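Residue numbers begin at 1 in each chain, while the letters A, B, ... track the order of the sequences. Not measured: the values here are computed from a predicted model.
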Amino acid sequence: MSDLDLLDSAPVADESKILEGLNDSQKEAVSAPLCNALIIAGAGTGKTRVLVSRIVYLISHYRVKARNILAVTFTNKAAKEMRERIGMYLNANDTHHLWANTFHSTCLRLLRAYATQAGLTPGFLILDTDGQNSLVKRIMQDLQIDIKEIKPSEFASRISSLKEKGIRADDFHKRINYIKNTNKKSSDTAEKLALVYTAYERICNQENSVDFAEILLRTVELLRTNTAIREIQNERFREILVDEFQDTNSIQYELLTLLAGKDSHVMVVGDDDQSIYSWRGADYTNMKKFLNTFPDVHQYLLSLNYRSTQNILDMANTLIEKNFERVMLKNLKGNNGTGSQVSIFKCANNRVEELSVAKEIQSLKDQGVKLSDIAVLYRNNYLSFGFEQALTKAKIPYVIYGGQKFFDRAEIQSALAYLKILVNKKDDTALLRIINLPARKIGPKVVESLRNISNEHSCSIIEAIEYLHEYVSSSEASKELKTLYSKVSAFYNLYIDLISKKETMRLHEFVHHMLTVTGLYTFYSEKDAKEGKSEEDNSRYKNLGVLVSNVKEFEASVEQGEVSVDSENEVESEDLLILYLTNITLVSGGEINENGSDEAMPFECVNLMTIHASKGLEFKYVFICGFESDILPSSRKSSSGDSSLEEERRLAYVGITRAKEQLVISYAKSRTMFGKNELKGASSFLYDIVGSYENSDNKPYKIVAKI
DNA sequence: GGTATAACGATTTTT
DNA sequence: TCGTTATACC
């Protein structure tokens, strides 16, 4: 070991301090030997704390080097939180070397480092869900597949889930042929899908872009086939830790098996009772699989809950007991006393429900409760509307998590499309979005001709225009080509101007320049004016300004070294613009405020969100609303088999276990939905819970009628 | 190239 | 019911 290595792995935190304050089972997990381990951590049992402590323990006790540790999470939020918490124990050098990232950014880092070996051109961009949908739509139209019969987004998501199962277009074709040969009937839709999938793969390759699923699949294929690269990673990643393991899908599972070498150890933390993303490919049986496939897995169970009162936990325990497909049975025990009873609001209708909740929040507020300690949770986004109205009327400020994301807005996507073609001229998807935006007389006919040229020369549309420019100015071109060029020459000049200015200006100034010369500023401010939008309320013009601020902020954070541009030579340094574009598709994604930053709301607000979005969070006061049949469990699921019903039950379980001190569960007996008045009853889950306490004098809940 | 009208369809959501 | 979107039409 060199001195430098010793410095790198020098203990940074007092070992006894790491274990201080942990309970016995947490301590056991944190100080586990270097081994494969499965930690089953019930809701609120200090899962993140254990993970963070384990990482620090690995470094200080086992002298594992930070660069040999990989921690993987699902969301950027979780990754950020983990990095921050680890940062409190480690020195800056260790923190820098440690990989604590989402599955996607981990893979992306590998792909950037080994782009060529993975069959990509360096500088490739990420195709987000919108881009994916529009590409699929374009393909379906080209193949004359009726997009009214089958929604492009349907095919797009099916392609993604095929990729998440590791199935390529080729494999899918083989499958269909196999079915044909044996059963003689294959579905018409599947055959169409296969055609679209093939074309989709081809175009993504041509355009040098990867979608989210591709990021994972490419990495897996790279590691599967390239032994040399795999061995480097095996050597590097000695200790791998995975958060929310119940949410892994099959490609992520395979990734773990490939990243871990024979001397590596994998520690996974999860809770099968909180698996609520199976519709997205998550498979909590990976926990069982892990136990059976990885050698010598040590098991740890965390069931002491630090979050909620026992009444709340009893509700949760009673509910989840009805699930049969559990990997490991656990009963949450708390250390916060019994607490007050859970209130079940039995409301005459949804209006009453909304007003009752608002009234209750008002009285909490009057008692001096911080609004940010209150959350209103619901199964479906459309349920938020009524609560928004009721809260507005009561003058109670709130924030809604989710909803339309800033970067999904049309004007932002258009601006980004301009930026994308500047770093990746192969990106036809981006180009087609803006070639005639704002209108510059490039209609479908011109586009058609351009696409013909690009097909002939197997190049992108921009390259076709470049080719046209060369050809027309230097030789005796045909009249048709000359007129064609005259129609796109203005756009070509714009493109050339942007390409050259990009190098000479600071990035945010350049983006501002781009918005000016492309005419996007004018286009959108005129559009705003036409629709009578005031300067203030979410005008599209203003949003473009917010984009510039966001770029500026990003620029500053890169300069301060906050965004890791990996210094190790395996990751090459990149164009700042590529870095920005990658960052917003993969890392930011969320809502940003008018200053262009993603800092939290400065003032006190009640939190409104879906139960899905609440996972991993906790609040002192929680209202779970619309606890009704056909809503929770959702009408689409209750009829379609046990496992989806069980997932809905887990969802309710997640909701309940968010509450620390007080929980209100509310339902309406009648509800106006889509203009129609429907009679719903209380959720079957509520009957299950109440039924369990039928003869008990010691009920964890009380029912309150609201009329 | 923009506007009016009809038709549709409406879980959950991160990357 | 309400918002989005495709198509027809000017």
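- Between A:I611 and A:I442, the residue anchored closer to the 5' end of DNA chain B is A:I442, taking for each the nucleotide with the nearest heavy atom.
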Please list, for nucleotides 7-10 of chain B, all pairs of protein and nucleotide N/O atoms separated by less than 3.5 Å.
residue : atom : partner : partner atom : Å
B:dA10  : OP1  : A:K151  : NZ           : 3.1

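- Using a 4.0 Å heavy-atom cutoff across all strands shown, A:K676 reaches no nucleic acid atom at all.
- When the side chain to side chain contact (heavy atoms under 4.5 Å, CB included) test is applied to A:T610, the partners found at least two apart in sequence or on another chain are A:Y378, A:N381, A:H612, A:A613.
- For the pair A:K441 and A:T610, both in contact range of DNA chain B, the more 5′-proximal nearest nucleotide belongs to A:K441.
- The CD atom of A:E244 sits 15 Å away from the C1' atom of B:dT15 (whole-angstrom rounding).
- When all heavy atoms are compared, the tightest approach of A:L651 to A:I611 is O-CG2, 3.3 Å.
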Between protein and nucleotides 2-5 of chain B, what N or O pairs are separated by less than 3.5 Å?
none

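- Here A:W279 packs flat against the base of B:dT12; its ring centre is closer than 5.5 angstrom to the base's six-membered ring, tilted by less than 30 degrees.
- Rounded to whole Å, the distance from CD on A:Q132 to C1' on B:dT15 is 11 Å.
- When distances run from any side-chain atom of A:E648 to the nucleotides B:dT11, B:dT15, B:dT13, the shortest one goes to B:dT11.
- A:Y382 has its OH atom 13 Å from the P atom of B:dT13, to the nearest Å.
- The side chain to side chain contact (heavy atoms under 4.5 Å, CB included) test applied to A:L617 returns A:K77, A:M609, A:F619, not counting sequence neighbours.
- Between the side chain of A:Q233 and the main chain of A:L259, no donor-acceptor pair closer than 3.5 Å is present.
- Annotation: side-chain hydrogen bond (donor to acceptor under 3.5 Å, both in side chains) contacts of A:T429 (sequence neighbours excluded): A:R138, A:E207.
- For A:R379 against B:dT12, a side-chain-to-base donor-acceptor contact under 3.5 Å is present.
- What separates CG of A:N76 from P of B:dT13 is a distance of 16 Å, to the nearest Å.
- Rounded to an integer number of Å, the gap from A:D247 CG to B:dT15 P is 12 Å.
- Nearest to the side chain of A:N436, among B:dG1, B:dT11, B:dT14, sits B:dG1.
- Note: A:Y580 and A:F554 have perpendicular aromatic rings, judged against thresholds of 30 and 60 degrees for the angle between ring planes.
- Protein atom CD of A:E646 is 22 Å distant from nucleotide atom P of B:dT12, rounded to whole Å.
- Within the structure, salt bridge (charged side-chain N to carboxylate O under 4.0 Å, His left out) pairs that include any residue of residues 669-678 of chain A comprise A:E353-A:R671, A:E628-A:R671, A:E678-A:K680 (at least two apart or interchain).
- In this structure, A:S683 contributes its side chain and A:L632 its backbone to a donor-acceptor pair below 3.5 Å.
- For the OP1/OP2 pair of B:dT13 and a distance below 4.0 Å, the side-chain nitrogens and oxygens of A:N381 include at least one atom meeting the criterion.
- A salt bridge (charged side-chain N to carboxylate O under 4.0 Å, His left out) with A:D273 holds for exactly one of A:R650, A:K322, A:R326; it is A:R326.
- Between the base of B:dT15 and the side chain of A:T129 there is a donor-acceptor pair shorter than 3.5 Å.
- Between the P atom of C:dT1 and the CG atom of A:N350 lies a distance of 15 Å, rounded to the nearest Å.
- Contact annotation: the side chain of A:D146 never approaches that of A:I150 to less than 4.5 Å [non-hydrogen atoms, C-beta and beyond].
- B:dT15 atom C1' lies 12 Å from atom CZ of A:F103, rounded to whole Å.
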